[in-house]
Number of protein chains: 2
Amino acid sequence: MEPEPDARIDHGAPLPPYRQLAGILLARIRRGDWQPNRAIPSEAQLVGEYGIARATVRRAIAVLVDQGALFVVPQRGTFVKPEGE
Amino acid sequence: MEPEPDARIDHGAPLPPYRQLAGILLARIRRGDWQPNRAIPSEAQLVGEYGIARATVRRAIAVLVDQGALFVVPQRGTFVKPEGE
DNA sequence: AGCCATTTGTTCGTATGTATA
DNA sequence: TTATACATACGAACAAATGGC
């Protein structure tokens, strides 16, 4: 069973939704919701959980990939990057 | 022999293709192109017949499953749901 | 048993158009 | 005008299960 989201996207907030989601996901990674080398929920699942568009989810993921927190394997999923790699 | 499609998808129409297809398929069901508990064409066949992407076909089917007009059996096919069930 | 074609399920990649702030 | 977001669509690849041979 996947842990439940602990925060929601606020479309009225100054921070755009994609940055909000990036922050939320990073917090969940650090909290250990998903272990290193394990997949986070699929883009479609995140769309459903946070009620935002897939393009927005992808953008948030791109931020975390840039930061080295996640890596994507095409047709497989998005995974938590092990530390120091 | 399968009945031939009677309508085509119009990508320029205001109604999106997946809704157009849902309407077309529903009309064909009601007309009796396929009997209750019988399979409609496979996703791949509908892709070929209507010239649209599989994801679009699946979305149209999802609409009709939601409406209770069809039911899906994984690895077997998509079937016309008998009335009053 | 093994092989193979069929079929639905899932996932990311990419593109377009529209709307809004 | 630009940035952001949403909706929709097509593409590609693979998984898993079924059924025939």
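No hydrogens, no waters, no symmetry mates; every other heavy atom, side chains included, goes into these values.
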Positional range of nucleotides in DNA chain C within the contact set of chain B, heavy-atom, under 4.0 Å: dT7(C) to dT10(C)
D10(B) meets the side chain to side chain contact (heavy atoms under 4.5 Å, CB included) criterion, sequence neighbours left out, with A13(B), Q20(B)
Using the 3.5 Å cut-off, write out each protein N or O paired with an N or O of nucleotides 16-18 of chain D and the distance between them.
from	atom 1	to	atom 2	distance (Å)
dA16(D)	N3	Q75(B)	NE2	3.2
dA17(D)	O4'	Q75(B)	OE1	3.4

Rounded at 0.5 Å granularity, tell me how far CZ in F71(B) sits from CG in N37(B). 5.0 Å
Might you work through the side chain to side chain contact (heavy atoms under 4.5 Å, CB included) test for L46(B) and L25(B), ending with a clear yes or no? CA-CA 10 Å; L46(B) 292 174; L25(B) 294 181; 4.2 Å; yes
Look up atom OG in S42(B) and atom CZ in R76(B), then write down how far apart they are to the nearest 0.5 Å. 12.5 Å
Within this structure, what is the CZ-CD1 distance for the pair R38(A) and I29(A), rounded to the nearest 0.5 Å? 14.0 Å
Which distance, rounded to the nearest 0.5 Å, do you find between the CD1 of I9(B) and the CG of L21(B)? 5.0 Å
Nearest-0.5 Å distance, CD1 of residue I40(B) to CG of residue L70(B): 5.0 Å
Quick check: closest heavy atoms across A69(A) and L26(A), and the distance to 0.1 Å? CB-CD1, 4.0 Å
Atom CG of D10(A) and atom P of dT4(D): how far apart are they, to the nearest Å? 17 Å
By side chain to side chain contact (heavy atoms under 4.5 Å, CB included) - contacts of R8(B) (at least two apart): none
Atom pairs and distances, donor-acceptor, side-chain atoms in residues 56-63 of chain A, under 3.5 Å, two or more places apart:
from	atom 1	to	atom 2	distance (Å)
R58(A)	NH1	E43(A)	OE2	2.9

Could you list, one pair per line, each protein nitrogen or oxygen that sits under 3.5 Å from a nitrogen or oxygen of nucleotides 7-10 of chain D, together with the distance?
from	atom 1	to	atom 2	distance (Å)
dT8(D)	OP1	Y18(B)	OH	3.3
dT8(D)	OP2	R59(B)	NH2	2.5
dA9(D)	OP1	P17(B)	N	2.4
dA9(D)	OP1	Y18(B)	N	3.0
dC10(D)	OP2	A53(B)	N	2.9
dC10(D)	OP2	T56(B)	OG1	2.4

